[in-house]
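Model, not experiment: these values are computed from the prediction. Below, read A as the first sequence line, B as the second, and so on, with proteins coming before strands; counting in each chain starts at 1.
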2 protein chains.
Amino acid sequence: MSFNEAFKAIADPNRRKILSLLKKGDLTAGEIADHFDMQKPSVSHHLKILKQADLVEDRRVGQHIYYSLNTTVFQDLMSWFYDILQKEGEKS
Amino acid sequence: MSFNEAFKAIADPNRRKILSLLKKGDLTAGEIADHFDMQKPSVSHHLKILKQADLVEDRRVGQHIYYSLNTTVFQDLMSWFYDILQKEGEKS
DNA sequence: TAGATATTTAGACAAATTTCTAAATATCGC
DNA sequence: GCGATATTTAGAAATTTGTCTAAATATCTA
């Protein structure tokens, strides 16, 4: 269900930037927003799309909401690339 | 220049299907269109986007235009995934 | 050159996307 | 509970995207 959603999610450069930021460690929504020129509601919107695509997870800690990478779906996306690059006739 | 274009190009399921079809071998625009319910101009539009993203190449053979995969950009996209999945602190 | 086939280009239109501002919700510290 | 901080939700506006039909271009065959 989230395979196509994930491809759409990573199509946006701002969202890819968010994912790259999270690679280095978990961040709150506000910390993420600090890296962008957009307003916070816009960043929140992008985070929602990443969350719906299962590319990130969130957890509340007091006033803050921490976002973190969920790498499991990345594996699926990678598989699609592998499949395209694998020549016809080659065996897995 | 085509890194972001490529990510956008593969965000569409019809275009991913075209790429999957081409994996098995080169096809003409018409042969590709036969696999879809869309009208031919729509398929042509998708092919144009894939071409602009350097994901496919085309060559005319008489009346026909053959499309084929160009795998070089796929490598770049894959690299982005690798980079995300690689844990901080791990050495290449 | 004329008609047939293959494909793209042009232009229109609806749907989806991205961003904004304003308001709502949740939590903290006093 | 109140004010401050963090974040999301709601709704609007502008842009982009995906699709269609009609027309244009390119090539083949006779």
Side-chain angles (χ1 to χ4, degrees), chain A residues 1-22 25-70 73 77, chain B residues 1-22 25-70 73 77:
Chain A
M1 246 286 278
S2 62
F3 185 75
N4 186 50
E5 265 176 309
F7 269 114
K8 284 192 167 186
I10 62 168
D12 182 271
N14 290 318
R15 290 195 290 263
R16 286 200 304 279
K17 183 175 170 184
I18 290 173
L19 294 171
S20 291
L21 288 170
L22 292 176
D26 300 355
L27 295 171
T28 68
E31 288 169 336
I32 293 168
D34 288 343
H35 287 83
F36 292 89
D37 290 334
M38 283 178 286
Q39 298 305 310
K40 285 182 183 175
S42 302
V43 175
S44 183
H45 171 70
H46 286 304
L47 288 168
K48 185 178 186 177
I49 286 168
L50 289 170
K51 195 167 67 173
Q52 284 172 341
D54 275 335
L55 290 167
V56 304
E57 291 169 344
D58 64 343
R59 65 180 191 286
R60 179 177 280 277
V61 178
Q63 289 170 291
H64 300 271
I65 297 181
Y66 277 89
Y67 282 87
S68 55
L69 277 187
N70 177 10
V73 175
L77 301 183
Chain B
M1 247 284 279
S2 61
F3 185 74
N4 186 50
E5 266 176 309
F7 268 114
K8 282 191 167 188
I10 63 169
D12 182 89
N14 290 319
R15 291 195 288 264
R16 286 199 304 279
K17 182 175 169 183
I18 290 174
L19 294 172
S20 291
L21 289 170
L22 292 177
D26 299 357
L27 294 171
T28 67
E31 288 169 337
I32 292 168
D34 289 343
H35 288 84
F36 292 90
D37 289 334
M38 282 179 286
Q39 298 305 309
K40 286 182 182 174
S42 301
V43 175
S44 184
H45 171 69
H46 287 304
L47 288 169
K48 185 179 187 178
I49 287 168
L50 290 170
K51 196 166 66 171
Q52 285 173 340
D54 276 335
L55 291 166
V56 304
E57 290 170 344
D58 64 342
R59 65 179 190 286
R60 179 177 279 278
V61 178
Q63 290 169 293
H64 300 271
I65 297 181
Y66 276 89
Y67 282 87
S68 56
L69 276 187
N70 176 12
V73 175
L77 301 183

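- Considering only the side chain of Ala29(A), dT8(D) comes nearest among dT19(C), dT19(D), dT8(D).
- Protein atom NE2 of His45(B) is 12 Å distant from nucleotide atom C1' of dT8(C), rounded to whole Å.
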Practice prompt. Take Asp26(A) and Arg59(A) through the salt bridge (charged side-chain N to carboxylate O under 4.0 Å, His left out) test and state the conclusion after the steps.
Written response: CA-CA 10 Å; Asp26(A) 300 355; Arg59(A) 65 180 191 286; 3.2 Å; yes
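- In this structure, Arg59(A) atom CZ and dT27(C) atom P are separated by 16 Å, rounded to whole Å.
- Side-chain proximity of Ile65(A) to the nucleotides dA4(C), dT7(D), dT19(C) is greatest for dT7(D).
- Checked against Tyr67(B) for a side chain to side chain contact (heavy atoms under 4.5 Å, CB included), the options Leu50(B), Leu21(B), Ile32(B) give a single hit: Ile32(B).
- The CD atom of Gln52(A) sits 11 Å away from the P atom of dT17(C) (whole-angstrom rounding).
- Side chain of Met38(B), nearest nucleotide from dA6(D), dT19(D), dT5(C): dT19(D).
- The Ser44(B) side chain lies nearest to dT9(C) when the options are dT8(D), dG18(D), dT9(C).
- Across the protein-nucleic acid pair, Phe36(B) atom CZ and dC20(D) atom C1' stand 17 Å apart, rounded to whole Å.
- Among the atoms of the strands shown, only primed sugar atoms or phosphate atoms (P, OP1, OP2) are found under 4.0 Å from some heavy atom of Tyr67(B).
- Within the structure, a side-chain polar atom (N or O) of Thr28(B) is placed less than 4.0 Å from OP1 or OP2 of dT7(C).
- Within the 4.0 Å cut-off from OP1 or OP2 of dT7(D), at least one side-chain nitrogen or oxygen of His64(A) is found.
- In this pair, His64(B) and Tyr66(B) present their aromatic rings tilted. The plane angle is within the 30 to 60° band.
- Looking at Ile10(A) and Arg15(A), their side chains never come closer than 4.5 Å, going by heavy atoms from C-beta outward.
- The side chain of Arg60(B) places no N or O atom within less than 4.0 Å of a non-bridging phosphate oxygen (OP1 or OP2) of dT8(C).
- Here dT5(C) is the nucleotide among dT5(C), dT19(C), dA22(C) with the atom lying nearest to any side-chain atom of Gln63(B).
- Taking only side-chain nitrogens and oxygens, His46(A) comes nearer than 4.0 Å to OP1 or OP2 of dT19(C).
- Distances shorter than 4.0 Å separate none of the side-chain N or O atoms of Ser42(A) from OP1 or OP2 on dT18(C).
- In this structure, Leu55(A) and Asn70(A) have side chains that are not in contact, with every pair of non-hydrogen atoms separated by 4.5 Å or more.
- Here dT25(C) presents its C1' atom at 16 Å from NZ of Lys40(A), a figure rounded to the nearest Å.
- In this structure, the side chain of Gln52(B) does not engage the main chain of Ile49(B) through any donor-acceptor pair within 3.5 Å.
- Side-chain proximity of Gln39(B) to dT21(D), dC28(D), dT8(C): nearest is dT21(D).
- As a whole-Å value, the separation of Asp37(A) CG from dT18(C) P is 17 Å.
- For the pair Leu50(B) CG and dG18(D) P, the computed distance is 11 Å after rounding to whole Å.
- Counting any heavy atom pair closer than 4.0 Å across all strands shown, Lys8(A) reaches sugar-phosphate atoms only and no base atom.
- The interatomic distance linking Phe7(B) (CZ) with dT17(D) (C1') rounds to 19 Å, in whole Å.
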